[in-house]
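Below you'll find the structure, written out as C-alpha cells, and then a few comments.
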There are 2 protein chains.
Amino acid sequence: MTTRLAVRPEPRVRTARHPARAAAPASRGDGNDQETRSRLLTVAERLFADRGFKDVTVREICRGARANVAAINYHFGDKLGLYREVLQSATDAMRATNEAARRAGHGQPPDEKLRRYILIHLQGLLASNYETLHRLIHREMNDPTPVLDAFVEQSVRPRVEYLAGIVAELTGGRPTDQRVLRCVASIHSQSIAYLPNPIAARLGFHFKPTPSQIEEAARHIAEFSLAGVRAVGSKKSEG
Amino acid sequence: MTTRLAVRPEPRVRTARHPARAAAPASRGDGNDQETRSRLLTVAERLFADRGFKDVTVREICRGARANVAAINYHFGDKLGLYREVLQSATDAMRATNEAARRAGHGQPPDEKLRRYILIHLQGLLASNYETLHRLIHREMNDPTPVLDAFVEQSVRPRVEYLAGIVAELTGGRPTDQRVLRCVASIHSQSIAYLPNPIAARLGFHFKPTPSQIEEAARHIAEFSLAGVRAVGSKKSEG
DNA sequence: ACACGAGTCAAACAAGTGTTTTATACAAAC
DNA sequence: GTTTGTATAAAACACTTGTTTGACTCGTGT
C-alpha cells in the first residue's frame, strides 16, 4: 500500500527479533536460519544503492537472497525496517573514517592536518565497500528519510567541525566565522567530485581509484585548498 | 506495467501532435485546449523535481493540473514522454546560461573571465526558477535516463571545456592536461555546494540566495580558486 | 512423548500503478 | 448538414506493489 518513506509506528516484528525466552536460538540442519537475515542485508544494500528504496521490490531482494517473499517482513518488520538497518551500517562506517582522520592529524601543524584529513577521507570515499554506502547517502540527499538525521549528527557534523577547526587555525579566524565556513564548503565539495557519477563518465573522466591516483588527487585538493584558504583568509572582509 | 526508465519505441501519440491536415487547430469555447498541455508540464516539472520520476503518479500530476488521467497519454504518449519534455526545457535553460557566461568574459584577462564565469553560473544555479531544473539533474545523477546524454553534451561539456580553457590560460598548461582538469573539477564542485540540500539544512547552513549573498559567495569561490590554480599550476609535476 | 516457537513457504490480499477503451462535446472543413 | 479531428471524461484493464495468512518443518525444552 503506501510506500512513501515516513515515520510510522514500528511494525511488530513477528517473533524472531523478540524471542520469548531464547537462550539458544533454534537452528535447523540446512545451515540457514540467521544466515538468511544477513543475506537479505547484503543484497538489499547493493540493490538500494543501485536503484533506490522505491525502485527495488521486496520480491527482488528476496529472490537475490534466495529467500521467501515473507522473509523481509519476518526479519525486519517491513521494507523500511530493512532499509533503516542497511543505512545504519553506513553511518557506522563513516564515523570510523572520521576518527581515523582525527588520529592521523594529532599533534601535527594545521597544514599537515589538512593534508592527512583530505587523504584519509578520499581513501574512505573511494574504498570499494564504502562507495556503496556513499551512493545511499547521495540518494538521501534527494529523498531524505528520518535516517538522515542520525547520519548528519553522527557523521557529517563532527567532520565539518573538525575541518572548521583546522581552517580557523590556518586563518586565525574563529571556527564559526562565515569566511571559515565558506572555506570548509570549498574543501569538502572538492572531494565529492571524485565519486564516480554518470556525468563524469559521459565526459570521459575515467578516474581510476588506485592508491597512487587517490594520493595524487588528495595532494591536488590539499595544495589547491591551502592556497585558497590563505588567499581568502588574509583578505580583510569587504562589503 | 513496467515503469523502469528505458529506451523504447516512441509510443504513438494519438493524434494531437501529428494532425492530419491541421491548419487552424480546433478550439473549444471553455478556454482550455493547449492550456491543458502546458499546465501538465508546469505541474509535472515541480512534482518530478520534488519527488522523482517514479514516485510521482500520473493521477497526481493530472489532479494538480485539473486534467483527466488520460490527458498525459493523449498529449505526451506516456509518462516518460512527459518527463522527457520537462527535462529538455532544463537543458535549454542551462545552455542559455553557458552562453551568457561566455559573452560576459569576452575580451577579458583570464582571471576576470573566471570571476565572471563563476558569478553568472552561481546566479543561474540559484535563480529560483532554475533551481527546480537543477534538482531534476541531481536526480539524473542517481538514476540516469537516456535524456542525460543530451544534457551532458549540450550543457555540461561546453561549460567544462570553456572552464578548462580559462585554467589553461592561467597556468600556461594545455586544456587537456591532467592538472588543468583537476582544477576544473575543484572549481566546478564548489558552486554545487551552494545548492540547497537537506544535509546543509540539518547542519544549520542557511544560505539565503539574495543577490548580495550570491555575489559574496561567487567572490569567495573565485579568489579561493584563483589562488588554488596558481599554486598547483606553478608546481612542477612530481611523481 | 509432547508442546512450543523459530523459520520458511506458497498463496492470497488490498491497494495501488500506467495505460486503454469507449463515449461525447465541439469547432472547423467539406 | 455531414464529416473530420481535437480534446476531454469516466470507467475499465492488466499488472505490480508491500504485506499478511495459514500451513508446514524441525530443533529444543520439558
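Convention: sequence-line order gives letters A, B, ...; per-chain numbering from 1.
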Rounded distance in Å - [atom1] ([X]) to [atom2] ([N]):
{"X": "B/Phe76", "N": "D/dT8", "atom1": "CZ", "atom2": "P", "result": "11 Å"}
{"X": "A/Glu35", "N": "C/dA6", "atom1": "CD", "atom2": "C1'", "result": "16 Å"}
{"X": "B/Leu47", "N": "C/dT17", "atom1": "CG", "atom2": "P", "result": "13 Å"}
{"X": "B/Arg39", "N": "D/dA7", "atom1": "CZ", "atom2": "C1'", "result": "12 Å"}
{"X": "B/Lys79", "N": "C/dT19", "atom1": "NZ", "atom2": "P", "result": "8 Å"}
{"X": "B/Glu60", "N": "C/dG18", "atom1": "CD", "atom2": "P", "result": "9 Å"}
{"X": "B/Leu82", "N": "C/dT19", "atom1": "CG", "atom2": "P", "result": "10 Å"}
{"X": "B/Asp55", "N": "C/dG18", "atom1": "CG", "atom2": "C1'", "result": "15 Å"}

Report the residues that fulfil ring pair (Phe, Tyr, Trp, His ring centres under 6.0 Å) with A/His188, sequence neighbours left out, ordered by chain and then residue number.
->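 Per chain and number, A/His188 pairs via ring pair (Phe, Tyr, Trp, His ring centres under 6.0 Å) with no residue.
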Those residues that, when tested against B/His134, pass ring pair (Phe, Tyr, Trp, His ring centres under 6.0 Å) (two or more places apart) |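 B/His134: no ring pair (Phe, Tyr, Trp, His ring centres under 6.0 Å) contacts found.
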What bend angle does the helix from C/dA15-D/dT16 to C/dC30-D/dG1 show across its length, from five-pair end axes and to the nearest 10 degrees?
->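 The end-segment axes of the helix from C/dA15-D/dT16 to C/dC30-D/dG1 are tilted 30° relative to each other.
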Using a cut-off of under 3.5 Å, enumerate the N/O to N/O pairs linking the protein to nucleotides 10-12 of chain D.
from, atom 1, to, atom 2, distance (Å)
D/dA10, N7, B/Asn68, ND2, 3.4

Quick note, salt bridge (charged side-chain N to carboxylate O under 4.0 Å, His left out) partners involving residues 116-127 of chain A, not counting sequence neighbours, are A/Glu112-A/Arg116
Residue pairs, two or more places apart or on separate chains, that pass salt bridge (charged side-chain N to carboxylate O under 4.0 Å, His left out) and touch residues 118-137 of chain B |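 Listed once each, the pairs are B/Asp50-B/Arg135, B/Glu131-B/Arg135.
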Does OP1 or OP2 of [N] have a side-chain N or O of [X] closer than 4.0 Å?
{"X": "B/Asn73", "N": "C/dG18", "answer": "no"}
{"X": "A/Thr36", "N": "C/dT8", "answer": "yes"}
{"X": "B/His75", "N": "D/dT6", "answer": "no"}

In chain order, what residues pass the salt bridge (charged side-chain N to carboxylate O under 4.0 Å, His left out) check against A/Arg59, with sequence neighbours excluded?
->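 None.
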Evaluate the ring planes of A/His138 and B/His138, with Trp represented by its six-membered ring, and classify them as parallel (under 30°), tilted (30 to 60°) or perpendicular (over 60°).
-> tilted
With A/His121, which residues qualify under side chain to side chain contact (heavy atoms under 4.5 Å, CB included), at least two apart?
->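 A/His121 satisfies side chain to side chain contact (heavy atoms under 4.5 Å, CB included) with A/Thr97, A/Asn98, A/Ala101, A/Tyr117, A/Arg159 only.
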Side chains of residues 201-215 of chain B: which donor-acceptor partners sit under 3.5 Å, not counting sequence neighbours?
from, atom 1, to, atom 2, distance (Å)
B/Arg202, NE, A/Asp149, OD1, 2.7
B/Arg202, NH1, B/Pro198, O, 3.2
B/Thr210, OG1, B/Gln213, N, 3.2

Between B/Arg39 and B/Thr42, a side-chain donor and acceptor under 3.5 Å =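 Side chains of B/Arg39 and B/Thr42: no pair found under 3.5 Å.
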Selection from D/dG18, D/dA7, C/dA6 that lies nearest to any side-chain heavy atom of A/Tyr74 | C/dA6
